[in-house]
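Encoded as C-alpha cells, the structure appears first; notes follow it.
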Amino acid sequence: MADSDGEYHAGDASDDEFSGAPGSQLETRSRSRADGPKKSGRKGGRAAWEDIQRSWDAVVEGADGTLAGTIEGLAEAEKRARLLKDTTPLQRGIIRHLVLVLDMSFAMTEKDLLPSRHELSMAYASEFVREYFEQNPISQLAVIGMRDGVAVRISDMSGNPTEHLEKIQEWVKQEPQGSPSLQNALEIHTPTHGTREVVIVYGALMSSDPGDIHDTIQSLIKDRIRVSIVGLAAQVAICEELCSKTNGGDNSSYSIALHEQHFRDLLLAVTTPPVTRTQEQSNASLLMMGFPSRTLAAGDSINYCACHNRPTREGYGCTRCGSRVCRLPAECPGCGLTLILSTHLARSYHHLFPLRNWVEVPWSEARRSKACCSCLAPFPDVPGGAKGKGKGKGKGKEKPDRLPLKGLSESGRYACEVCRSHFCIDCDLFAHEVLHNCPGCQSDTRGAQQNGDINGAMEIDP
Amino acid sequence: MNHIDASEHYDESAFTGQTPSLLTIIIDTNPRAWAALNDTLPISKAIANILVFVNAHLAFGNDNQVAVLAAHTNRAVWLYPKSPNPDSVAGPDSQDVEMTGVDGRPSHPELGTSANKYPQFAQIETSILTSLRSLIDNTTTFDLKPTTLISGALTIALSYIHKTSLAFEPSKTSKDPANPTTAPSATLAAPTLHARILVLSVSDSEPAQYIPTMNAVFAASHARIHLDTISLHGMPTFLQQAAFITGGTFLSAASNPRGLLSFLMFGFLADAEARRSLITPTQDSVDFRAACFCHRNVVDTGFVCSICLSIFCEVPENAECLTCGTKLALGSYGAKPAVIPRKKKKKKRINGINGREETGSATGTPVPA
Ligand SMILES: [Zn+2]
Ligand SMILES: [Zn+2]
Ligand SMILES: [Zn+2]
Ligand SMILES: [Zn+2]
C-alpha cells in the first residue's frame, strides 16, 4: 500500500504546505519545528523513507577545522529561527469546539512508528488534550474513535481535560481493529458558538463509508466546520479533498507525518488557536462569568453539590447566588452564571501580550553586561584584540548563506528593547516559549511608568 | 529501588544516590511591611531564620543548591549568587558595601564570617547579607511603594532554574536540531533536578502584576516546579493561586510570625521527592479572584471578552473590548439568560453607554458540559 509514489508526495507536500499559507492553523509551529532536519538534509524530491535525518549532511567543518562550532551553531540557529516568527498579536477565537478523531482501525497496528501507530497516537492524543486546554482554556473538546466501520465515542464534548484523559486511557489497551469510516466519524454535530474544527489522525488508506462522503463534505462546508488531517501512511485523495474543501480551498491542513517527532509536531500544532476569520468575529460577545473561590465544607461536614446532588467536601460557591458546584467550569445550576477558574483564563493571557522578540547585541554594545540578566550565566568577554574562544563567535559572518544564522548574536547576548537588559540564548528561548515575561522588565520598574503592562509586551491598538 | 528489572537503568538516582535539589527563596523586602512586623519579627531575625533553613537544605544533600532573591518595592535583586553585572543591586557608585557597622538597620554581629563555619554556609550568608544591606541602603523614600515585585522575582527565579536544569540534563538533546530542549514537555522525563521556589511574602498581591505573575506560575507548573509561599503579613491572593496551580504549599504564619523557623522547617524543607511520602499542609480555601484589566480591581464576578478572554469589572465603554478592540455583543446578565433572536444590533449602538440592557445574545454563553 505504502508505495514509494505516495510517500514521495507525502514528503513533498508537508514541505511545501508549511511554507506560509496564510491563516493555516498549522503554520507557525509546525513550520518552524518541522523544517529542521529537512532544510539541511534534503536535496530535491525524495521518497519519505529516504528522507531520514541525515545530520551528517549538514555538518561542515568550521574555519578552525572542528565541527563543534557548526553543530552548536545549527542548534542555536534552529532555536532562534523558531523564535523569529511574527509576534503580532492576533485575535484568536479562543472558545473552540474541536473534535479529535482517532483512527483505531487495523491500520493502526502497523509498527512503522514506534512502538506502534496505535500506542503512539494514543500517547499523542493525551498530550494533545493537555496542550489543547493549556492553549484554549475554556474551549470544548470531544474525542471520537474510528473502528469496526463505525465511530465510537471516546469522550463527549466537554471542557474538562482530566475527563478526556481518563477516557482516552481506557482505550489504550484495546487492540485496534476493523476498518475506519470517515463519514461516520464526521457526522457529528457541534454547537454553533465558536470555532468548529475536526482533527483526524488517519492511519488507513481507505475508508468504508455507508453513503457518499461528498454529501458529508457539503454539509461540513455548510456548517463551516474545518477539517484537518494528520496522515500516517501515504496521501489519500479523499482526505486531501476533505481538507481543502472545508478550508476554503487551502489544503495545508492535510499533512503526512514523516516520523514520530513530526507526527507529534503536526498534531500539537493544531492546538494553537487559529486566526479568527472576520465573519466569525460577529460571534464576539461579552460574557459574564464568576470566578468562585474554592472552599472546604466546615469541619467534618459534607455538602451536596447543586450540580450533581452528590456529597462532596470541596466545592465552589457561585459568586452570584451562592449555589455550590463540585467542579469547574460549570454553569451555575441556580442562576445560570458561567463559573470558571480564573486561572483557566489566565492561562491564555500570554497570547494577548506576546513578548516582543529580543534583538541581537553587537560586540560594540556588549560591554554593558558580564552575565545574563536572569540566569547569571557569564557571557563571553568582549574581544579586545585576542579572539578568546574562537568557535563560539564569528560564525555569524562566516557562513551567512547557510541556514538562518541571522538570528544569532555574535556576542551571545540578546537584548530586550524595552528594558535593554542582556540575556543568554537559553533565557531568550525560555522567556519567549514558556515564560512569556521579560525578566528585565519585570524585575525593575524604576524607569518604567507603573501603568500598563511593563513586560516588553506589544501594545495592542484597538 | 528497581534492582530486579531493567528499569533500574533509567533511574539516575540509583547511581548518584540523590537527585540534587535547587531551592530558590524569594524574600519580600517591602520596607513598609517589615516595619509593621518589626515588633514581632524584625527582618534581621527573619533573615537569620532563613539562613538556618538554607543551611538545613544544603545539609540535606551534597549536591543541593540554593539561590536567593529579594523582591523589593520596585526591583527584584539577586542576593545569592550575586549578579556580576554592574548596577544590578545598587546605584553605580556602590562597590560591595561592607556589612560591618553601617547603622540605621539592626546589624548582625554574630552572623559574620567565622573560622568555625562551614565555608559554603559562610559564603552564602555573607553574600545574602551584603547584597541585602546594599539593597536597603539604596532604598530611598521615593521607592517606598506598598507593592512588591513578586512577578519579577518569580520570572528571574524561573529563568535561573531553567538554566540550571539544562546543565543537569543527561543527554545533550540541544545538539539535535529536530528536538530542541525547549520544546514543551520534551524535558518532562525523569527529573534530574528537583527545583522549588519558596516565597516569603509580607505584602498583598499587586493587581497590576496579575498577568506576569500568572505567566510565571504557568511556566512553573509546566516545568513542575512547586511554588511554596509562607505569608507573614498581608494577603497574597495570587501566590495562593500559584501554590494551588503548581502543587505547592501555602502557609499563613500571620498569626504567629515569631514561629517562622518552625514553619519553614516543618512545612517547606521537604523537596518534591520527599513530599510524595509526606502529608503536606493543604489549603482549605483558595481565593480565585482575578484582577480586571480595566481598573485593576480584584473581582469575583466579571465580564469576559469571548475573543481574548480579558476580564473587565464593568461593561467597557461602547461595548468594545479594551484589549483587542472587538465590538462585543452584550447579553442579558440577569438570571437565566434568555435567548432572543439577534436583531437589535442598532439599538445597542445607540444606547452604547448603558449597554447593560437586554440585547440579543444570539451567541449565548458557552456551555461547559
Ligand atoms: Zn448562581
Ligand atoms: Zn540566561
Ligand atoms: Zn525587557
Ligand atoms: Zn477582547
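Remark: side-chain polar atoms of H164(A) are paired, donor with acceptor, to backbone N or O of L141(A) under 3.5 angstrom. Checking side-chain atoms of S293(A) against main-chain N and O of G317(A) turns up no donor-acceptor pair under 3.5 Å. Side chain of S205(B) to main chain of T237(B): a donor-acceptor pair is present (N/O by atom type, distance under 3.5 Å, no hydrogens or angles). Side-chain atoms of R413(A) never come within 3.5 Å of backbone atoms of F379(A) as a donor-acceptor pair (strictly under, hydrogens ignored).
Contact of S310(B) with chain A is made through backbone and side chain together, with heavy-atom distances under 4.5 Å. At a 4.5 Å heavy-atom cutoff, the contact between L435(A) and chain B is made by backbone and side-chain atoms alike. Within the 4.5 angstrom heavy-atom criterion, no atom of V217(B) approaches chain A. With a 4.5 angstrom heavy-atom cutoff, I245(B) touches chain A only via side-chain atoms. Both the backbone and the side chain of I311(B) come within contact range of chain A, each with at least one heavy atom under 4.5 Å from a heavy atom of that chain. For A216(B), the parts sitting under 4.5 Å from any heavy atom of chain A are the backbone and the side chain alike.
Note on L296(A), D156(A), L341(A): by heavy-atom pairs under 4.5 Å with chain B, the leading option is L296(A). Between chain B and the residues R313(A), H422(A), R294(A), the most heavy-atom pairs under 4.5 angstrom are made by R294(A).
Side chains of N297(B) and P207(B) form no contact here, defined as non-hydrogen atoms less than 4.5 Å apart.
For D300(B), the salt bridge (Lys or Arg N to Asp or Glu O under 4.0 Å) test picks out no residue, with sequence neighbours left out.
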